[in-house]
Amino acid sequence: MRELPTVADLARAEPELVKGLWSGLGYYRRADLLHRAARYVDQNGWPTGYLDWLKLPGVGPYTAGALASILNGEAVPALDGNAYRVYARWADWREPIDTAASKAFIAEFAASLLPADRPGDFNQAVMDLAQAVCVPRTPRCAECPLAEFCAARANGSAAELPIKRRAIRVREEDWHFAVGYEDGRFGLIKRPEKGIWSGLYAPILLQGAPEGWTADVVEHRLSHRKLRLHVYRVPRDFAAFSHWLRFEEWSSRGMPQAFVHWMHKFAYI
Ligand code: SF4
């Protein structure tokens with residue numbers, strides 16, 4: 001906010017600067033999406049309704065619903081996982097919630113309940129209810145303002161809903177990286193603009209563990225994966241590192257948080 005206080009400032013900033021400012025916050029794709037969204041708003045003005053909000057990079061149906069109902073007074077539901085839980089219980093919906101058919105049903109059910117005059121307040125009330133009362137596993141039905149209307153409470157099924165089709169499995173993976181190190185400088189490369197850590201500076205990803213080298217290991221959690229990052233410190237001529245900088249200089253550029261941890265943890269600064 002200090003560096004880029006207005007949408008126009010953000011829209012006109014260099015991508016490098018935006019990535020650098022975002023450094024350490026994780027979810028780097030969001031920095032790029034926010035930057036592109038700022039450019040869109042700078043060129044087209046602020047959206048005025050649900051379909052308009054969906055045109056912004058990074059804005060999906062949930063965010064568009066929340067923004068359109070709260071800012072534009074449009075009667076559209078804001079459906080995230082929490083809201084799905086409340087509505088699935090409210091309707092006593094016994095089908096797996098993560099299917100297209102269930103989502104369509106819940107969207108229709110929610111739309112039928114939304115008041116035309118205060119849709120934003122209604123959506124925010126559902127969010128609050130989900131967070132404070134209609135919580136996963138142990139819903140507090142006795143203190144719920146919806147209790148007398150709620151079908152799951154009437155039928156005794158609240159704690160079992162919503163039904164999930166599949167639990168998310170966390171995969172464990174080992175990744176191997178080479179970082180150049182010479183005279184207090186680290187050699188890294190700029191990652192491609194697509195894929196994990198896009199456009200950030202990082203060590204070179206190797207095909208496997210190089211024989212005879214010892215690595216520092218740091219763990220890094222992604223939403224569905226637990227990564228063990230094996231980082232090998234290698235000499236300058238090991239590979240074509242594109243950028244050589246000291247840690248202090250790297251820290252003002254965009255670097256994945258996992259590698260910032262690695263630099264701190266292994267006291268290379
Ligand atoms: S009555 Fe219970 S299950 Fe129904 S909305 Fe309230 S907390 Fe959720």
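Small disclaimer: the values here were computed from a predicted structure and weren't measured. Throughout, numbering of the chain's residues begins at 1 and tracks the sequence. Numbering of ligands and ligand atoms starts at 1, following listing order.
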Should you measure from each heavy atom of [X], which atoms of ligand 1 turn up under 4.0 Å away?
{"X": "Ala158", "result": "3 (S)"}
{"X": "Ala147", "result": "1 (S)"}
{"X": "Arg89", "result": "3 (S)"}

Given the rule in the side-chain contact (heavy atoms from CB on, under 4.5 Å) test, do Glu74 and Trp53 qualify, once you have shown the distances and angles that lead to the verdict?
CA-CA 12 Å; Glu74 190 176 339; Trp53 282 109; over 6 Å; no

Once the angle between the rings of Phe177 and Trp197 is folded into 0 to 90°, is it parallel (under 30°), tilted (30 to 60°) or perpendicular (over 60°)?
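Tilted.
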
Assign the ring pair Trp93 / Phe105 to parallel, tilted or perpendicular, where the plane angle (0 to 90°) is split at 30° and 60°.
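Answer is parallel, since the angle falls under 30°.
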
Below 2.8 Å, any N, O or S contact between Cys144 and atom 2 (Fe) of ligand 1?
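Checking atom 2 (Fe) of ligand 1 against Cys144, no N, O or S atom falls under 2.8 Å.
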
From CA spacing to verdict: side-chain contact (heavy atoms from CB on, under 4.5 Å), Asn155, Arg94:
CA-CA 11 Å; Asn155 298 331; Arg94 307 281 182 100; 3.8 Å; yes

Look at Cys150 and state whether any of its N, O or S atoms is less than 2.8 Å from atom 4 (Fe) of ligand 1.
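Under 2.8 Å: Cys150 contacts atom 4 (Fe) of ligand 1 through an N, O or S atom.
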
Quick check on Ala152 - does any of its heavy atoms sit under 4.0 Å from an atom of ligand 1?
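Heavy atoms of Ala152 never come under 4.0 Å of ligand 1.
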
Students should be able to answer this: which protein heavy-atom is nearest to atom 2 (Fe) of ligand 1, and at what distance?
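Of every protein heavy atom, Cys141 SG, 2.4 Å lies nearest to atom 2 (Fe) of ligand 1.
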
If you have a sec, work out which protein heavy atom is nearest atom 8 (Fe) of ligand 1 and how many Å separate them, to one decimal?
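Here the nearest protein heavy atom works out to Cys134 SG, 2.4 Å.
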
So which atom in Leu54 and which in Ala64 form the shortest heavy-atom distance, rounded to 0.1 Å?
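What the structure gives for the nearest pair is CD2-CB, 3.7 Å.
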
Give a yes or no answer on whether the side chain of Arg89 reaches the backbone of Ala158 with a donor-acceptor pair at less than 3.5 Å.
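Present.
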
